[in-house]
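Accompanying notes for the structure given below.
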Amino acid sequence: MSTAPVIITIDGPAGVGKTTLAKGLARRLQIAYLDTGAMYRAAAWMLGPSGAEMQEDELASRLASMRFTLKGAGPESCLLLEDRVIGDQVRTEEVGLLASSIAALGLVREYMKKSQQKIGREISLVAEGRDMGTVVFPGAPYKFFLQADPVIRAARRCRQLQELGQDADEKRILEQMRRRDSQDSQRAIAPLVPASDAVSIDTGSLTPEEILDRMEAIFADKEVRSQRSET
Ligand code: DC
């Protein structure tokens, strides 16, 4: 039997429940969880508000000094930048918007793709983001694309920010989310679109446990079928 790492991709827009589900699936399967949004957020945080306007050579050298590593498995997976845990300071909608702006730059995407693929060559992963199933891990055997009404997503994001102790205004969050959705899905490079072989799930009408059951059933079914075809 093959020992190559298994990659499961979960893509979708902001506030759709990617993190909860990716962590939950990683816990159930006891494999690592990679939050690629946190990589873009941490890079945006490090580059500062002028990151998206930076000269290419300066941007390239700043990116080259950012080393991401992933430690641990399941929900205890921990993403580090320069050996430091990426903290909750990157979890604001403002940093999310900055992340979305630098995420449209080819240099940034290329750097992130290489870093993410390097991690995926080493360990099995549930990888969540916007382009996991289309660009970074196009050959992944299990791909999910999540969607939900923006109003439901904004309410969910509002609750998450309040849990982190941040001020959160639902109307403002909905506006920022719509801006981010359009930036992420209309950019020229690696836009947010479902992979043609991804299973789409509407997270607005199901509980996280129901969705995880569905994901796990698809995973188990495919595993059994691929083992059968190997024998
Ligand atoms: O998932 P998130 O909200 O933490 O992501 C923040 C931003 O990072 C998102 O608006 C777009 C960008 N991003 C991306 O372009 N590609 C990814 N794989 C993950 C995030």
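Atoms within a ligand are numbered from 1 in the order they appear, just like the ligands themselves. Numbers here are sequence positions counted from 1. None of the values given here were measured: they were computed from a predicted structure.
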- Item | Same apolar cluster (I L V M F W Y, side chains within < 4.5 Å links), Val126/Val16 | yes
- Item | Hydrophobic cluster membership, Ile211 vs Met132, 4.5 Å side-chain cutoff | no
- Message: Can you confirm whether Arg180 sits close enough to Glu93 that some side-chain heavy atom of one is under 4.5 Å from a side-chain heavy atom of the other?
- Response: yes
- Query: Between Asp131 and ligand 1, does any nitrogen or oxygen pair lie at a separation below 3.5 Å?
  - Reply: yes
Identity of the nearest option to [atom], non-hydrogen atoms only, from [options]:
atom: atom 9 (C) of ligand 1; options: Lys18, Arg130, Met112, Met132; value: Arg130
atom: atom 6 (C) of ligand 1; options: Gln183, Arg180, Glu93; value: Arg180
atom: atom 15 (O) of ligand 1; options: Gln176, Arg109, Arg41; value: Arg109

- Task: Assess whether salt bridge (Lys or Arg N to Asp or Glu O under 4.0 Å) is satisfied between Arg172 and Glu94, documenting all intermediate values.
- Result: CA-CA 11 Å; Arg172 196 169 131 80; Glu94 284 69 26; 2.7 Å; yes
Just by distance, do the side chain of [X] and the backbone of [Y] share a donor-acceptor pair under 3.5 Å?
X: Ser77; Y: Ala32; value: no
X: Lys18; Y: Gly12; value: yes
X: Asp184; Y: Leu192; value: no

- Query: How far is atom 19 (C) of ligand 1 from its nearest protein heavy atom, and which residue and atom is that?
  - Reply: Thr36 OG1, 3.4 Å
- Note on the structure: atom 13 (N) of ligand 1: closest protein heavy atom, distance to 0.1 Å, is Tyr40 CD1, 3.6 Å
Find all atoms of ligand 1 within a distance of less than 4.0 Å from any non-hydrogen atom belonging to [X], and give their numbers and elements.
X: Gly129; result: 18 (N), 19 (C)
X: Ala103; result: 12 (C), 15 (O)
X: Asp184; result: 9 (C), 10 (O), 11 (C)

- Query: So is Arg187 in contact with ligand 1, going by heavy-atom distances below 4.0 Å?
  - Reply: yes
